[in-house]
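Working notes, structure below.
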Amino acid sequence: GASPCERLAPTRLWASLDWHERLSVWLLAEARRGRASEICGYIDYLPSPASFEDGLLDWTDAELAELRYPPLAAAVREQRDSIR
């Protein structure tokens, strides 16, 4: 479908994004709208970028293994590999 934030992600780009990338772009577009956004209250509750300084995407494979939940470790590795 058409991009809900055409200025930030034109429809051609939007169509090529994975679901989590679309969500990120859409949230960024809504955050830029500030109080004019219908979801500004929700955006206010989102964590700040600084809180991701030690996010799962930065963990080593050994650290992911310590979680002892292989499906999550595999999902993190897959997402990490897709953006690097």
Side-chain angles (χ1 to χ4, degrees):
S3 171
C5 43
E6 189 69 33
R7 295 185 72 193
L8 187 59
T11 297
R12 185 172 175 194
L13 170 62
W14 182 261
S16 71
L17 299 176
D18 289 330
W19 73 267
H20 61 290
E21 294 167 323
R22 286 182 183 186
L23 176 60
S24 298
V25 169
W26 178 70
L27 287 171
L28 286 170
E30 290 299 313
R32 284 183 170 184
R33 293 182 63 208
R35 295 286 157 221
S37 170
E38 293 179 13
I39 62 165
C40 65
Y42 171 75
I43 290 173
D44 288 343
Y45 282 101
L46 292 175
S48 68
S51 68
F52 291 100
E53 289 177 1
D54 188 29
L56 288 176
L57 295 178
D58 295 321
W59 287 20
T60 66
D61 287 339
E63 290 170 319
L64 289 172
E66 289 182 31
L67 293 172
R68 299 190 193 288
Y69 189 62
L72 176 59
V76 170
R77 280 193 293 277
E78 181 181 332
Q79 186 174 358
R80 181 179 59 202
D81 293 347
S82 77
I83 59 177
R84 289 194 175 151

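- Of all the heavy atoms in Asp58 and Glu53, the pair that sits closest is OD2-O, 3.8 Å.
- Summarising the geometry, atom CD1 belonging to Ile43 is positioned 9.0 Å from atom CZ belonging to Arg33; distances are rounded to the nearest 0.5 Å.
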*asked:* Quick one, Cys5 with Trp14, criterion side-chain contact (heavy atoms from CB on, under 4.5 Å). Give me CA distance, side-chain angles, the key distance, then yes/no.
replied: CA-CA 9 Å; Cys5 43; Trp14 182 261; 4.0 Å; yes
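- Residues Trp26 and Leu8 form no side-chain contact, since every pair of their non-hydrogen atoms from C-beta on lies 4.5 Å or further apart.
- Note that OG1 of Thr11 is 3.5 Å distant from CD of Glu6, once rounded to the nearest 0.5 Å.
- At distances below 3.5 Å, at least one donor-acceptor pair connects side-chain atoms of Ser51 with backbone N or O atoms of Ser48.
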*Show your working on side-chain contact (heavy atoms from CB on, under 4.5 Å) between Val76 and Trp59 and close with a plain yes or no.*
CA-CA 9 Å; Val76 170; Trp59 287 20; 6.0 Å; no
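- Side-chain contact between Asp54 and Glu63 is absent, with no heavy-atom pair separated by less than 4.5 Å.
- Atom CG of Leu64 is separated from atom CZ of Arg77 by 6.0 Å, given to the nearest 0.5 angstrom.
- Put simply, Leu72 and Ile83 are part of the same group of oily side chains (I, L, V, M, F, W, Y) that touch within less than 4.5 Å, one to the next.
- Of the inter-residue distances, the one linking Leu17 atom CG with Leu23 atom CG reads 11.0 Å to the nearest 0.5 angstrom.
- Under the 4.5 Å side-chain criterion, counting only non-hydrogen atoms from C-beta, Thr60 is not in contact with Glu66.
- Val25 has its side chain out of reach of Arg22: every pair of non-hydrogen atoms, C-beta onward, lies at least 4.5 Å apart.
- Leu27 and Leu13 fall within the same hydrophobic cluster, where Ile, Leu, Val, Met, Phe, Trp and Tyr residues are linked whenever their side-chain heavy atoms come under 4.5 Å apart, directly or through other members.
- Put simply, CZ on Arg12 and OG on Ser3 are 14.0 Å apart, with the number rounded to the nearest 0.5 Å.
- Distance alone, capped at 3.5 Å, is enough to place a donor-acceptor pair between the Ser24 side chain and the His20 backbone.
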